[in-house]
Amino acid sequence: MLKTNFLGVELASPLMNASGVHCMSIEELEELANSQAGAFITKTATQLEREGNSKPRYYDTKLGSINSMGLPNKGLDYYLNYVIERQQQGTQLQFLSVTEMSYEENINLLSKIQRSGYQGVTEFNLSCPNVPGKPQIAYDFELTKKLLSEVFTFFTKPLGVKLPPYFDIAHFDEMATILNKFPLTYVNSVNSIGNGLCINIDKEQVVIKPKGGFGGLGGEYIKPTALANVRAFRERLNPNIKIIGTGGVINGKDVFEHILCGADLVQVGTTLHKEGVDVFTRLNEELKVIMKEKGYTSLEQFRGRLKII
Ligand code: DHB
């Protein structure tokens, strides 16, 4: 019932983790691989291992989460070796997430993946909001165009991009026009809504330490923005560019809504952090119940079919 074809691979479910949650170590990645998620993705890797920002740097709130992790990760080789090893075992679909701090470093990182034995999907994260002094790449349209133009002179493996949320129709238009110039496998919308601020009123204090308390928002706060971005890009992107919907998935209804807006796969971040990998079992069941109630037997029957009035 939940079968989803992605890059010619038949997945048992459209669900996977959002990069950053439950995917830092091989132990966590193995738990995802053994869960009811249809696919999984690594923590965004940089060339070298990073400690990330100082703690506390992640905080759960009633309506979601705020984080300023600062790209802690074990370095590209750790994740690249893991996904190469797993692909040789021919098991489930896996994604490698990467980014770097400068234009040249991004090119070098992707060149290294191109030269490696990895044949799977790479997610190029153009939207980390949390590295002090480093703006999110995909809010700079010219830079995004220039970077992707260079990447696609040499990169021939499946590549997707992770985007920040946009809030203006002109920005949806402009970014979609840029993305349509490239042979992208997919677009992932959205990353956390950058630089929110959550406050502990008793202490009259921010809840995370880095950047004076500013951090990326996830969870219930961001679902309408996430759905708008999925819908807007599905309406504008070439049909061969797939969409991964991310943001505000708490229950099966949220998964249904993402797919109705056009998502091929749906990622779970904050709720996975709160519940652990059993969340995928729950969400699969809740989605199936909704589909049964509505008389649907496959995701294709409602994917992208949001009605307007
Ligand atoms: C981090 C946060 C993000 O939203 C992201 O896309 C990448 C990294 C982080 O702070 O580690």
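Ligands are counted one by one from 1 in listed order, and the atoms in each one are counted from 1 as well.
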- Task: Look at Arg282 together with Glu285 and state whether they make a salt bridge at an N to O cut-off of under 4.0 Å.
- Result: no
- Task: Run the numbers for me: atoms of ligand 1, each under 4.0 Å from some heavy atom of Lys43, listed by number.
- Result: 1 (C), 8 (C), 9 (C), 11 (O)
- Message: Ring centroids only, cut at 6.0 angstrom: are Phe302 and Phe256 within range, meaning strictly under it?
- Response: yes
- Message: Between Lys62 and Glu220 (salt bridge meaning N to carboxylate O under 4.0 Å), is one present in this structure?
- Response: no
- Nearest-0.5 Å distance, OG of residue Ser116 to CD1 of residue Ile84: 4.5 Å
- Message: Heavy-atom contact check, 4.0 Å cutoff: does Ser192 meet ligand 1?
- Response: yes
- Query: Just wondering, do Leu237 and Leu184 contact through their side chains at under 4.5 Å, heavy atoms?
  - Reply: no
- Note on the structure: Restricting to heavy atoms, the pick from Ser68, Ala18, Cys128 nearest atom 1 (C) of ligand 1 would be Cys128
- Close-contact set for ligand 1 against Pro72 heavy atoms, below 4.0 Å: 11 (O)
- Do the rings of Tyr139 and Tyr166 sit parallel, tilted or perpendicular, given the 30° and 60° boundaries? perpendicular
- Query: For the residue pair Tyr186 and Phe95, does the interplanar ring angle fall in the parallel (under 30°), tilted (30 to 60°) or perpendicular (over 60°) class?
  - Reply: perpendicular
- Item | Close approach of Pro129 to ligand 1, heavy atoms, under 4.0 angstrom | yes
- Item | Ion pair check, Asp140 and Lys146, cut-off under 4.0 Å | no
- Item | Protein residue, atom and distance nearest to atom 6 (O) of ligand 1, heavy-atom basis | Asn191 ND2, 2.4 Å
- With a 4.0 Å heavy-atom cut-off (strictly under), which part of Asn125 contacts ligand 1: side chain, backbone, both or neither? side chain
- Query: With backbone taken as N, CA, C and O and side chain as the heavy atoms from C-beta onward, which portion of Met24 lies under 4.0 Å from ligand 1: side chain, backbone, both, or neither?
  - Reply: neither
- Query: Would you call Gly70 a ligand 1 contact, heavy-atom distance under 4.0 Å?
  - Reply: yes
- Task: Around atom 2 (C) of ligand 1, find the nearest protein heavy atom and jot down its residue, atom name and distance.
- Result: Asn130 ND2, 3.4 Å
- the protein heavy atom lying closest to atom 11 (O) of ligand 1 turns out to be Leu71 N, 2.5 Å
